[in-house]
Amino acid sequence: MSMFSRLAPRLQEAIVARLGWSSLRPVQEQAGEALLAGANAVILAPTAGGKTEASMFPTISQMVESAPDGVGALYIAPIKALLNNQAERLGLYTDMVGLRRFVWHGDTDDSARRKFLKEPAELLMTTPESLEVMLVSQRVDEAKLFGDLRIVVIDEVHALAGSDRGAHLMSVLERIARLSRHDLQRVGLSATVGNPDAILDWLKGSSKRPGQVVDPPKPASRRQLLVVHRPELRLLSRDAARMAQGQKSLFFCQSRSITEKVAETMRRAGTTVFVHHSAVSKEDRLLAEETFHRGTGDGSGACIVCTSTLELGIDVGDLDRVLQADAPDTVSSFLQRMGRTGRRDGQAANTTFFCESSESVLQATALIELAKQGWVEAVPLQGRCWPVLIHQLLTMALAGGGIRQEEAWAHLSKVPDFAGTSREEFDRLIRWLLAEGGLREASGQLVIGPKAEKRFGRKNFMELFAVFTSPVSYTVVTAAGQPLGSLQQEFVDRLVEGVSSFLLGGRGWVVQRIQHDVRRVFVDPAPHGRQPTWGGYIPQFLGLEVCQKMRDILRSSAAFPYLDEQAAAVLEEKREAIKPLFQSGRDGIEVKDGELRWWTFAGGRINATLRYVLEGFADDWKITSDNFVVKLKGDGLSEQSFGRVIKNLEKSEVWNDQDYWEFIESSLPDYRLTKFQDLMPSAIRSEWIRAYLLDVAGASEFCSKVDR
């Protein structure tokens with residue numbers, strides 16, 4: 001018996017009559033079997049591979065057969081744009097069987113919300129933050145609304161797992177699970193994730209249901225890949241415009257400033273261009289999405305030049321091409337973006353990388369080769385997410401007149417992202433918050449204290465629920481105060497005054513001074529004729545596996561058929577330049593231009609960790625790092641003396657010396673990583689900063705495997 005035949009007859013008839021489908025895809029058959037059997041599930045399928053229907057058809061079928069009292073199903077998306085994009089599709093699916101769906105997020109009209117609360121729809125589409133606002137709102141009867149909730153479907157689950165927003169969602173779901181009379185069924189949807197079993201374990205929370213990863217074999221598909229090298233952004237954009245002519249394309253760029261420059265050049269070349277990034281107005285973004293989804297009408301084609309805002313599953317219709325300026329940071333992003341194409345019969349999924357630098361040619365090649373091996377990044381999960389734990393304490397203290405400490409622990413201890421926190425640590429945090437005014441006690445209840453009240457209460461109430469703000473950016477200015485652009489804090493964290501350089505606006509700049517209190521980076525132009533090493537101009541931080549693959553490619557003589565003539569030539573130049581570093585057992589160490597360089601190819605966070613560790617060996621060493629190299633300046637540095645230092649790093653004692661790490665921890669800048677930092681005891685604050693800046697386990701393992 002097929003899964004389709006197990007769906008409610010009314011839904012079967014609607015799928016055939018309204019959608020014109022005669023059968024389901026394998027992922028929909030397998031997912032339906034799992035969900036109808038009551039399992040929690042992670043459903044994997046490529047972009048436009050039918051994941052939404054795989055989760056929603058069995059969900060809708062069960063609500064047709066047994067109508068819920070209130071909301072029966074939640075559909076949660078990480079961004080409002082994805083909710084808006086899916087609203088029409090899910091509205092069709094519910095409407096064709098006599099059910100309703102409602103979209104609730106920050107832009108939803110207040111009168112529509114009141115109508116929904118009076119007569120709830122069976123399917124509620126929302127974001128994690130809006131879901132929590134509903135829980136604490138006095139006008140929402142959450143027990144009545146969610147008392148018969150059966151299932152929650154989380155789209156793009158890989159974008160939430162392992163993050164603060166994911167920890168927040170899991171805590172909110174546990175609060176909702178207590179309201180429902182069912183063991184809440186959890187379903188995650190994703191196109192690319194390297195550790196689906198771990199994601200499933202994280203997703204289940206307190207649920208006792210069995211779990212299943214639904215990942216049917218992918219049919220063999222054609223892929224068209226091309227990596228081209230153009231030494232100037234103007235040339236790159238011009239050639240991209242030619243390729244996009246008469247077709248529907250997405251052109252992904254790694255920053256907003258590059259997006260704008262590429263779009264301007266393509267417009268001058270006669271291409272119809274839309275721009276889509278976080279600084280573009282909502283109206284313009286929706287216009288771009290709608291135009292692509294419906295088609296341009298005259299067959300002339302168009303291109304959306306975008307940042308990662310269109311990487312998630314927002315449907316912009318069938319695409320002919322995906323273009324990429326330089327290369328994304330991860331294999332996951334590459335596959336997610338390429339998956340926008342190849343939907344139509346006979347069409348191959350495709351990506352063309354337009355690389356301005358030789359580093360980008362190498363990075364794009366590494367991503368392609370890792371993808372060909374079937375490797376995708378695992379989502380790193382966490383167990384000590386302190387900012388969200390503190391946030392949840394505050395929201396529970398604010399809702400319903402407060403919460404007892406024992407009740408708070410009973411809830412928070414069920415959240416996977418807090419599982420590494422002991423009861424003793426929790427009680428110690430409560431005592432500190434009571435002493436510092438973050439919380440206060442009233443009639444045995446924890447309620448919000450004066451310090452938190454001043455920051456988050458009353459007129460600032462909504463600030464508490466805008467927990468996860470956009471990444472903090474720093475303005476880059478010249479010594480004369482002229483603004484040049486912005487950098488994300490993650491990049492600024494690794495800059496060293498007087499030493500570090502980076503590329504912004506097509507020019508090289510040297511860091512002179514960083515002011516964290518006003519979030520400014522003061523720079524001077526990089527001197528003419530003095531170009532930094534090839535890794536010094538990339539304002540993105542890569543993982544170990546990608547960097548090691550880049551190293552392997554440089555050390556090999558393999559030819560890659562998807563490189564154009566110019567790209568192949570710059571790769572060979574890079575190989576020739578790097579060859580002396582790995583001869584005669586030197587292990588990538590060179591002394592040049594008055595500094596020692598250790599070419600680790602270990603990735604941004606591991607190299608940042610090595611930088612701080614090495615600073616403990618000599619106070620007068622000036623050390624910088626990027627994805628590929630750790631650079632040192634100072635007296636007494638030589639290949640021989642540094643070789644002895646590396647030998648010390650191979651010893652486990654260095655990595656297990658608590659006093660040494662406390663010394664390193666004390667030297668870390670007190671960066672503003674979360675709005676709840678003022679409500680953290682110093683030990684927790686230091687731990688959180690260390691976890692953000694460093695990868696101690698990764699660096700230790702890397703040093704233990706240094707190829708000598």
Side-chain angles (χ1 to χ4, degrees), residues 162-164 167 194-195 198 329-330 377-387 389 416-422 425 489-496 541-548 587-588 598-619 621 623-632 642 644-671 673-674 677 680-707:
S163 70
D164 286 6
N195 53 338
D329 300 355
T330 63
E377 290 84 5
V379 174
L381 301 177
Q382 55 187 339
R384 293 171 66 82
C385 190
W386 290 108
L389 189 147
D417 303 78
F418 311 146
T421 303
S422 69
E425 290 176 307
Q489 179 173 312
E490 182 179 14
F491 184 59
V492 175
D493 288 342
R494 275 96 170 168
L495 298 177
V496 177
F541 293 94
L542 307 176
L544 171 67
E545 293 81 5
V546 172
C547 291
Q548 291 287 287
D587 194 42
W598 182 18
W599 292 87
T600 64
F601 291 87
R605 289 185 72 230
I606 287 179
N607 278 354
T609 307
L610 294 173
R611 166 194 156 190
Y612 283 109
V613 171
L614 290 169
E615 285 176 347
F617 283 82
D619 294 338
W621 287 358
I623 307 174
T624 60
S625 66
D626 60 27
N627 290 310
F628 316 109
V629 62
V630 180
K631 293 183 277 190
L632 305 93
F642 188 66
R644 290 191 291 271
V645 171
I646 293 178
K647 280 290 186 184
N648 281 327
L649 294 182
E650 294 177 18
K651 300 175 182 177
S652 61
E653 297 82 47
V654 174
W655 303 97
N656 296 325
D657 186 337
Q658 190 61 35
D659 292 337
Y660 189 54
W661 282 102
E662 286 180 4
F663 164 74
I664 291 175
E665 202 168 86
S666 68
S667 70
L668 298 178
D670 190 19
Y671 291 118
L673 304 183
T674 167
Q677 207 148 313
M680 288 182 175
S682 59
I684 290 178
R685 187 165 62 247
S686 296
E687 176 191 328
W688 190 244
I689 292 172
R690 171 177 160 180
Y692 173 78
L693 289 175
L694 308 180
D695 181 0
V696 178
S700 173
E701 183 177 2
F702 174 80
C703 288
S704 71
K705 295 178 179 179
V706 170
D707 181 13

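Numbering starts at 1 and runs along the sequence shown.
Among M680, Q677, R685, the single residue meeting the side-chain contact (heavy atoms from CB on, under 4.5 Å) criterion with W386 is M680.
Residue C703 holds its SG atom at 5.0 Å from CG of L610, rounded to the nearest 0.5 Å. The distance from atom CG of L614 to atom CG of L632, rounded to the nearest 0.5 Å, is 6.0 Å. For the atom pair CZ (F418) and CG (L389), the distance works out to 5.0 Å, reported to the nearest 0.5 Å. Here NZ of K651 is found 13.5 Å from CG of N656. Values are rounded to the nearest 0.5 Å. Interatomic distance, CD1 of I606 versus CG of N627, reported as 11.0 Å (0.5 Å rounding). Taking CG of D626 as the start and CG of L542 as the end, the distance is 9.5 Å to the nearest 0.5 Å.
Judged by distance alone, with hydrogens and angles left aside, the side-chain atoms of Q548 form a donor-acceptor pair with the main-chain N or O of F601 at under 3.5 Å. For N195 (side chain) and V379 (main-chain N/O), a donor-acceptor pair under 3.5 Å exists by modelled atom type. Distance alone, capped at 3.5 Å, places no donor-acceptor pair between the S700 side chain and the V696 backbone. W655 places a side-chain N or O within 3.5 Å of a backbone atom of L649 that can act as its donor or acceptor partner. Panel note: side chain T609, backbone D695; a donor-acceptor pair is recorded below 3.5 Å.
Minimum interatomic distance between V645 and W621 (heavy atoms only, all atoms of both residues): CG2-CH2, 4.0 Å. Nearest heavy atom pair, residue R384 against residue G420, reads NH1-O, 2.8 Å. Across all their heavy atoms, A167 and Q382 have their closest contact at CB-NE2, 4.2 Å. Of all non-hydrogen atoms in A198 and L381, the two that sit nearest each other are O-CD1, 3.5 Å.
No side-chain heavy atom of R690 sits less than 4.5 Å from a side-chain heavy atom of Y612. A 4.5 Å side-chain heavy-atom check between E377 and V546 finds at least one atom pair inside the cut-off. At a threshold of 4.5 Å between non-hydrogen side-chain atoms, the residues C547 and T600 do not count as touching. No side-chain heavy atom of E653 sits under 4.5 Å from any side-chain heavy atom of N648.
Relative ring orientation between F642 and W598 is described as perpendicular, the plane-to-plane angle rising above 60° on a 0-90° scale split at 30° and 60°.
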